[in-house]
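Here's the structure, in structure tokens; my notes come after.
Every heavy atom of this structure was used, including side-chain atoms; hydrogens, water molecules and symmetry mates were not. All residue numbers refer to positions in the sequence shown, counting from 1.
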Amino acid sequence: MRKMELREAEIIRDKDEMRRWSRRMRSQGKTIGLVPTMGYLHQGHISLIKEAHKHTDLIVVSIYVNPGQFAPSEDLSTYPSDFHGDLQKLMAVPGGVDAVFHPHNLYDYGSVGGGGRSGDCDVREEGKGVISCLEERGFGHETWVRVERLEKSMCGKSRPVFFRGVATVVSKLFNIVEPDVAVFGKKDYQQWRIISRMVRDLDFAIKVIGSEIVRDADGLAMSSRNVHLSPEEREKALSINRSLSRAKFAAEKGQTNCRELRDLVIQAIEEAGGRIDYAEIVEQESLEAVEEIRNPVVFCVAARFGKVRLLDNMEINA
């Protein structure tokens, strides 16, 4: 479907210009695939682009670090960035990328209190809820998309503003880019399921594809945050994938008691020096926790090594 020359992508920073580009391409009969990212691209991101190539004529990659999904205690200010390096990596993808959407601030509506700079995270607590820089002093952005049940478990417990920020910014990207297909990585399994449910419930005319986890040679799931791991922390973090693999093997051999499987993984990670955020075995679509494996499940883990929070998961179809 795609021609194989390497070429430089068109860089688009303005929302209206991005929408005009997409509509112009669609008027020519082209289909558009979107790969949303926060930049600092690695081979996991490249695999998403390669997957998108299979489904559409043109590829748009968005690069935008979304302040709406970060809480005050999280790593917005230190999230890694290398836009020039990202462009070089995109040029090297066979078939190329047609457009890179790199807005300065998706929450700037051209009025007073228009949401602050993209990198700001001057957040505060109001009542019992944590509010982001976008809501500070009551100005700017105040409309949020929530997938209420799916967002409550796992990452939603320790990151209460995260999924509303993700669902909202992805909705904005869908409305701006107007893609036919959007590709998300399964490493962020809960996020993928939330976006899929949002698309279904709100009738977005978009096919959402989940792409398999890409791992480094040592088995660690690729993440932009891995750069913050020390060599020692990285070695210890391999306990996540190794213990998940052992749990999957045990389940496929007939071990269906989820408490015992969870204990196996938690013990291995903690013995390696990790701090568990959660280790849950849930149904693949509903994300409801199960006690016995009777249907396809996914074992999801979040753990910290040093200051770095890592996610990983394995689907178990035993």
Return the minimal non-hydrogen interatomic distance between [X] and [Y], and the atom names on each side.
X	Y	answer
Asn226	Ala221	ND2-O, 3.1 Å
Val183	Pro36	O-CD, 3.6 Å
Pro80	Ser224	CG-O, 3.5 Å
Ser158	Arg309	OG-NH2, 3.6 Å
Met198	Ala167	SD-O, 3.5 Å
Phe70	Leu76	CD2-N, 3.4 Å

Between [X] and [Y], is any pair of side-chain heavy atoms under 4.5 Å apart?
X	Y	answer
Ile63	Phe101	no
Arg193	Lys186	no
Val100	Leu90	yes
Ser171	Phe204	yes
Val60	Ile32	yes
Val301	Tyr278	no
Ser245	Met314	yes
Ile281	Leu261	yes

Let me confirm one number: the [atom1]-[atom2] distance from [X] to [Y], rounded to the nearest 0.5 Å.
X	Y	atom1	atom2	value
Gln267	Ser239	CD	OG	11.5 Å
His53	Glu51	NE2	CD	11.0 Å
Ser47	His42	OG	NE2	8.5 Å
Ile209	Leu48	CD1	CG	10.5 Å
Lys152	Gln190	NZ	CD	12.5 Å
Asn257	Asp263	CG	CG	8.5 Å

Is [X] reaching over with its side chain to a backbone N or O of [Y], donor-acceptor style, under 3.5 angstrom?
X	Y	value
Gln284	Val297	yes
Lys172	Leu106	yes
Arg149	Ser286	yes
Asp216	Asp218	no
Asn313	Ile213	no
Asp82	Gly85	yes
Ser22	Glu178	no
Lys187	Val214	no
His55	Ala182	no

More than 12 foreign heavy atoms under 6.0 Å from [atom1] of [X]: is that the case here?
X	atom1	result
Glu232	CD	no
Gln28	CD	yes
Tyr40	OH	no
Lys248	NZ	yes
Lys50	NZ	no

Name the orientation class of the two ring planes belonging to His102 and Phe83 (parallel below 30°, tilted from 30 to 60°, perpendicular beyond 60°).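 The arrangement is parallel - the two ring planes meet at less than 30°.
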Does the pair Phe163 and Gln191 meet the rule for a side chain to side chain contact (heavy atoms under 4.5 Å, CB included), with working shown? CA-CA 7 Å; Phe163 284 124; Gln191 173 179 278; 4.0 Å; yes
Let me see the working for Tyr79 and Asn66 under side-chain hydrogen bond (donor to acceptor under 3.5 Å, both in side chains), right down to the final yes or no. CA-CA 11 Å; Tyr79 196 87; Asn66 172 37; over 6 Å; no
Will you find, in the side chains of [X] and [Y], an N or O donor that is under 3.5 Å from an N or O acceptor?
X	Y	result
Tyr189	Asp312	no
His141	Tyr109	yes
Thr56	Asp180	no
Glu292	Thr256	yes

Within one Ile-Leu-Val-Met-Phe-Trp-Tyr cluster: [X] and [Y], side-chain cutoff 4.5 Å:
X	Y	answer
Met154	Leu310	no
Leu244	Leu287	no
Ile46	Met222	no
Ile11	Ile49	yes
Leu311	Val308	no

Testing Met25, Arg19, Arg20 for side-chain contact (heavy atoms from CB on, under 4.5 Å) with Arg23, which one passes?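 Checked Met25, Arg19, Arg20 against Arg23; only one passes side-chain contact (heavy atoms from CB on, under 4.5 Å): Arg19.
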Single hit among Val93, Thr37, Asp98 for side-chain contact (heavy atoms from CB on, under 4.5 Å) with Val61: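 Going through the options one by one, the only one that passes is Thr37.
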State whether Glu151 and Arg164 are salt-bridged, where the test is any N-O pair (Lys NZ or Arg NE/NH1/NH2 against Asp/Glu carboxylate O) under 4.0 Å.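 A salt bridge is absent here (no side-chain N lies under 4.0 Å from a carboxylate O).
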Determine whether Val298 and Val282 satisfy the following criterion, side chain to side chain contact (heavy atoms under 4.5 Å, CB included), listing intermediate values before the conclusion. CA-CA 6 Å; Val298 58; Val282 300; 3.5 Å; yes
Mind running side chain to side chain contact (heavy atoms under 4.5 Å, CB included) on Ile276 and Glu270 for me, showing each step along the way? CA-CA 7 Å; Ile276 294 286; Glu270 290 182 341; 4.1 Å; yes
Who passes ring pair (Phe, Tyr, Trp, His ring centres under 6.0 Å) against Trp21, sequence neighbours left out?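 Ring pair (Phe, Tyr, Trp, His ring centres under 6.0 Å) check on Trp21 returns nothing, list empty.
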Decide side chain to side chain contact (heavy atoms under 4.5 Å, CB included) for Val170 and Phe184; before the verdict, give the C-alpha distance in whole Å, the side-chain angles of both, and the deciding distance to 0.1 Å. CA-CA 11 Å; Val170 171; Phe184 293 83; 4.0 Å; yes
